[in-house]
Colleague: 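My questions all concern the structure below.
Just follow the structure's listing: the first ligand is 1, and inside any ligand the first atom is 1.
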Amino acid sequence: MSKKILLSGIQPSGRPHIGNYFGMIKQLLGQQDEYEVYALIVDYHAMKSVQNPKEMRENIKNVVLDYLALGLDPKKVTFFKQSDVSEHTELCWIFDTITTMPYLMRAHAFKDAEAKNKEIDVGTFNYPMLMAADILLYSPDIIPVGADQKQHIEIARDTAEKFNRTFGETFKLPKDMIMKEVAVVPGTDGRKMSKSYNNTIPLFAEYEEIKKAVMSIVTDSGEGIPKNVYAIHNLLRSAKELDPIYKDKTGKYKELKELLIEDIEKFIAPLREKRKEFEKDIPKALAILKAGSEKAKKVASAKMAEVREKIGVQVY
Ligand code: AMP
Ligand code: TRP
């Protein structure tokens, strides 16, 4: 029996944070033995926010080092970069031709951008189609993601169904894998932890940075349990372990924050060390990505050959 397939992607748009880790990366890396895993760096998606070549190169390199430090085993996982596999943008175009504007106008990301009265670029509007291509080229069974990506997976399913209805059975319908407890990891201000809100605890933060971030966690002036501190702490320790501590230290916000700093440091310190090891040989790390892209390209080009046949452009 061949293994089921799991795929997920991350944008090289800045430093990953513990929300990315607990919401998605942990699920991806935790399944390296059970599933055939595809880990994708979506650099073309990141172009929405990164439009500086030096920064883009740095970000890509950093994600590679991050994943390797977190334990991605390149022998087990196909670790690759979207821009190396041109079939992604090719399939995106084909999906564009079977998708309507009103349908994409219902996407949350587009509606949020519209509500903020932003000048919306076509890439932001079309984002879910490129993501559908990322997914459907590899026929995955499940996609681990945070709750913010749920709608994008639904769009990928709808697009697969529409294509299959129009041109015959071609794409497998993927399912999301969203872990309830970590679907939305809160940031230091209590909102969703997000690179764009400045409320993150970076995954490879140095001690001083962890301290600063935790000390900035917003607490109310009440006497009870600091909700935001507890929520982040709960990522690292079970409620069973935490509840007696928080009960014992009711109202002692500073002490609780200090305890959280120590727990985050215990979690991050070994990761930071591992990352430093990988930093010593960046060409080797990048060669892993290149080899992964070559492997992915084979799968994607076979799927595209099938798509071209189905839509009738294959005449030779
Ligand atoms: P991004 O940084 O937007 O590329 O996100 C990478 C992955 O992390 C996606 O699967 C997101 O759903 C997930 N993610 C990002 N922020 C959070 C968060 N605060 N809580 C849970 N998952 C998150
Ligand atoms: N949209 C995802 C995010 O912002 C990134 C992404 C792009 C992705 N393509 C994907 C995630 C395919 C899973 C599968 O987090």
Side-chain angles (χ1 to χ4, degrees), residues 5-29 37-50 59-60 62-63 66-67 70 78-83 85 87-89 91-92 95 107-110 112-113 123-157 159-160 174-203 213 228 231-232 234-235 296 300:
I5 300 173
L6 180 151
L7 174 147
S8 197
I10 190 162
Q11 299 187 52
S13 56
R15 291 169 78 192
H17 49 72
I18 62 171
N20 296 132
Y21 179 74
F22 288 99
M24 185 279 272
I25 303 173
K26 190 174 173 210
Q27 277 66 264
L28 182 93
L29 298 180
V37 174
Y38 288 87
L40 172 59
I41 300 179
V42 290
D43 45 356
Y44 281 157
H45 273 123
M47 280 196 69
K48 286 189 301 121
S49 54
V50 185
N59 287 356
I60 293 169
N62 281 326
V63 181
D66 294 342
Y67 264 115
L70 289 168
T78 306
F79 182 30
F80 71 113
K81 175 157 81 62
Q82 188 183 38
S83 62
V85 184
E87 282 79 357
H88 291 231
T89 42
L91 184 58
C92 174
F95 288 160
H108 301 315
F110 171 74
D112 289 350
T124 296
F125 183 65
N126 205 25
Y127 186 103
M129 291 295 100
L130 182 56
M131 179 155 163
D134 294 342
I135 295 172
L136 298 173
L137 279 170
Y138 302 92
S139 316
D141 297 279
I142 57 167
I143 322 286
V145 281
D148 58 350
Q149 298 299 315
K150 189 176 174 58
Q151 192 191 32
H152 286 150
I153 314 274
E154 280 162 14
I155 294 176
R157 283 175 68 89
T159 308
K175 285 199 185 66
D176 63 53
M177 173 193 186
I178 299 176
M179 311 298 273
K180 218 170 87 224
E181 325 73 65
V182 288
V184 185
V185 173
T188 53
D189 58 0
R191 294 189 290 170
K192 183 188 95 160
M193 188 176 285
S194 167
K195 291 166 204 166
S196 51
Y197 294 158
N198 241 329
N199 65 354
T200 70
I201 301 176
L203 195 43
N228 296 335
I232 295 175
N234 197 207
L235 299 167

Colleague: Check whether any side-chain heavy atom of Q149 lies under 4.5 Å from a side-chain heavy atom of M131, and answer yes or no.
Modeller: yes
Colleague: Is a side-chain donor or acceptor of Q27 paired with a backbone partner of F22 at a separation under 3.5 angstrom?
Modeller: yes
Colleague: Taking the non-hydrogen atoms of S13, is any one of them nearer than 4.0 angstrom to ligand 1?
Modeller: no
Colleague: Atom NZ of residue position K26 - does it have more than 12 heavy atoms of other residues, nucleotides or ligands inside 6.0 Å?
Modeller: no
Colleague: Are any of the N/O atoms on D148, whether in the backbone or the side chain, positioned under 3.5 angstrom from an N/O atom of ligand 1?
Modeller: yes
Colleague: Where on V184 is there a heavy atom closer than 4.0 Å to ligand 1, on the side chain, on the backbone, on both, or on neither?
Modeller: backbone
Colleague: Return yes when H45 approaches ligand 1 closer than 4.0 angstrom through a heavy atom, no otherwise.
Modeller: no
Colleague: Backbone or side chain, does any N or O of V185 fall under 3.5 Å from an N or O of ligand 1?
Modeller: yes
Colleague: If you measure every N or O of S8 against every N or O of ligand 1, does any of those distances drop under 3.5 Å?
Modeller: no
Colleague: Q149 versus ligand 1: do any nitrogen or oxygen atoms come within less than 3.5 Å of each other?
Modeller: no
Colleague: Counting heavy atoms only, which part of V182 comes closer than 4.0 Å to ligand 1: side chain, backbone, both or neither?
Modeller: backbone
Colleague: Is there a donor-acceptor contact under 3.5 Å linking the side chains of K81 and S83?
Modeller: yes
Colleague: Report the part of L7 (side chain from C-beta onward, or backbone N, CA, C, O) that has a heavy atom under 4.0 Å from ligand 2; answer both or neither where that applies.
Modeller: side chain
Colleague: Give the residue, atom name and distance (to 0.1 Å) of the protein heavy atom nearest atom 8 (O) of ligand 1.
Modeller: N20 ND2, 3.1 Å
Colleague: Measure L40 to ligand 2 on non-hydrogen atoms and call it side chain, backbone, both or neither using the 4.0 Å cut-off.
Modeller: neither
Colleague: Should L136 and F95 count as side-chain neighbours, where that means a heavy-atom distance under 4.5 Å?
Modeller: yes
Colleague: Any donor-acceptor pair under 3.5 Å linking the side-chain atoms of Q82 with those of D134?
Modeller: yes
Colleague: Can you pull out the closest protein heavy atom to atom 11 (C) of ligand 2? Residue, atom name and distance to 0.1 Å, please.
Modeller: G9 N, 3.4 Å
Colleague: Consider every N or O of S8 and every N or O of ligand 2, then say whether any pair is closer than 3.5 Å.
Modeller: no
Colleague: If you take the nearest heavy atom of each of G146, P186, S194, which one is closest to atom 13 (C) of ligand 1?
Modeller: G146
Colleague: Using a 4.0 Å heavy-atom cut-off, which part of M193 comes near ligand 1: side chain, backbone, both, or neither?
Modeller: both
Colleague: Within a reach of under 6.0 Å around OH of Y44, are more than 12 heavy atoms found that belong to other residues, nucleotides or ligands?
Modeller: no
